[in-house]
Protein chains: 2
Amino acid sequence: MHHTELLADLRQRGHRLTPQREMILNVICEGNGHLTADEIIARIRKQYPYINKSAVYRTLELLARLCLVNPTDFGDGKVTYEIHRHPHHHHLVCRQCRKMIEVDGAVFAPLEKLLRDEYAFAADLDHFAIFGLCRKCQPASSPAPTLRKRRA
Amino acid sequence: MHHTELLADLRQRGHRLTPQREMILNVICEGNGHLTADEIIARIRKQYPYINKSAVYRTLELLARLCLVNPTDFGDGKVTYEIHRHPHHHHLVCRQCRKMIEVDGAVFAPLEKLLRDEYAFAADLDHFAIFGLCRKCQPASSPAPTLRKRRA
DNA sequence: CTCCTTATTGCAACTGGTTGCAATAAGGAA
DNA sequence: TTCCTTATTGCAACCAGTTGCAATAAGGAG
Ligand SMILES: [Mn+2]
Ligand SMILES: [Mn+2]
Ligand SMILES: [Zn+2]
Ligand SMILES: [Zn+2]
């Protein structure tokens, strides 16, 4: 996804094209992955030191509203932003070792269907951070009761 | 769930019982539902005006770590806290009219199983805010194509 | 009860993010 | 090209929440 496409998309939806917005979209498209607002600002400053914090936050909010980027809180005290990718994906985040596993968006298909069928609710299930414990960090599977019984 | 039980739980897990912690737990148990830190502080101040903000936030973080309360961001600029209920439940939040629908924790069972089976990941799926569009706020279902064909 | 260790509190400074408002500049009309 | 409307920016003040550190007080040992 090139940033000019996103700019055109913005324009078509009635929003104005400003140099700030172009720089922000450019940085988000180039730096692939999850970027914090701070990182986005730092990267823009290399070329244009005057970029303003409020403009960046407001643009990110606009892009999120239009589903062009996904804001995500991985629990590190700063929200990250990533270009909206297709197909969707999510992240499993280990609450202990912080390892992240990427999973396909399809894992939410059953939930999505259930919510639509039972509650007529159209859930936004684009890009989740799901916390939990990875394989390595789970307590050793409870000593098999069968083992204890055998010993006794 | 009475707050003395939670106090005992805290103590058993090696944490100290302080008047501040007791007041915080009491408020969370009484005021049933989702309370913001501000609301918790305001309610405590009625009896004890000296309660300290940092102590409250640190206690809430502790209670969340011990799974005694669920912190949840409903997108209103303030995190809310609710006593951890059993069985689990989640909330569907309409992004347009803000209506909230409570759903049973079981809706996540298929996802939980998939993540455990495929990724050996033990997901924390206690209390989610799932955003989307409620029945009323969804754009009128696209004019049935069959209807168009019949007309043509 | 008295003393000791150290978890917890209180405070003030700080961080990430938001907001109201005046100044600026897209982009459409003429 | 010039003018106009109004979306967007920049700024400074603000808000929710966090952090480092010194003072306090839980709770265990004697
Ligand atoms: Mn991602
Ligand atoms: Mn709830
Ligand atoms: Zn892990
Ligand atoms: Zn609605």
Item to check | Smallest separation among heavy atoms of A:Lys78 and A:Asp38, with atom names | outcome: NZ-OD2, 3.4 Å

Checklist entry - Where is the tightest heavy-atom contact between B:Lys99 and B:Cys134, given as atom of each residue plus distance? => result CE-CB, 4.1 Å

Checklist entry - Any sub-3.5 Å donor-acceptor pair from B:Arg21's side-chain atoms to B:Arg16's backbone N or O? => result yes

Item to check | More than 12 heavy atoms of other groups within 6.0 Å of A:Arg135 CZ | outcome: no

Next on the checklist: So for atom OH, which belongs to B:Tyr50, do other residues, nucleotides or ligands contribute more than 12 heavy atoms lying within a distance under 6.0 Å?
Outcome noted: no

Checklist entry - On DNA chain D, which is the earliest and which the latest nucleotide, 5' to 3', with an atom closer than 4.0 Å to a heavy atom of chain A? => result D:dT6 to D:dA12

Rounded to the nearest Å, what distance is computed from the [atom1] atom of residue [X] to the [atom2] atom of nucleotide [N]?
X       : N      : atom1 : atom2 : value
A:Lys78 : C:dC14 : NZ    : P     : 16 Å
B:Asp76 : C:dT19 : CG    : P     : 11 Å
A:Leu7  : C:dG27 : CG    : C1'   : 15 Å
B:Arg16 : C:dC4  : CZ    : C1'   : 11 Å

Checklist entry - So which one's nearest nucleotide on DNA chain D is more toward 5', B:Ala37 or A:Tyr48? => result A:Tyr48

Checklist outcome for this item: The residue, A:His15 or B:Arg11, whose nearest nucleotide of DNA chain D is more 5′ is A:His15

Item to check | Identity of whatever pairs with D:dA23 - Watson-Crick or G-U, under 3.5 angstrom | outcome: C:dT8

Checklist entry - For B:Ser54, which contact category applies under a 4.0 Å heavy-atom criterion: base, sugar-phosphate, or nothing? => result base

Next on the checklist: Please report whether the ring centroid of B:His88 lies less than 6.0 Å from that of B:His90.
Outcome noted: no

Checklist entry - Hey, would you say the B:His89 and B:His91 ring centroids sit under 6.0 Å apart? => result yes

Checklist entry - If two hydrophobic side chains count as joined below 4.5 Å and joins carry through other members, does B:Val79 share a cluster with B:Ile44? => result yes

Item to check | No-H, no-angle donor-acceptor pair, A:Lys53 side chain to C:dG17 base, under 3.5 Å | outcome: yes

Item to check | A:Arg116/A:Glu112 salt bridge by N-O under 4.0 Å criterion | outcome: yes

Item to check | Within residues 55-70 of chain A: residues closer than 4.0 Å to DNA chain D (heavy atoms) | outcome: A:Ala55, A:Arg58

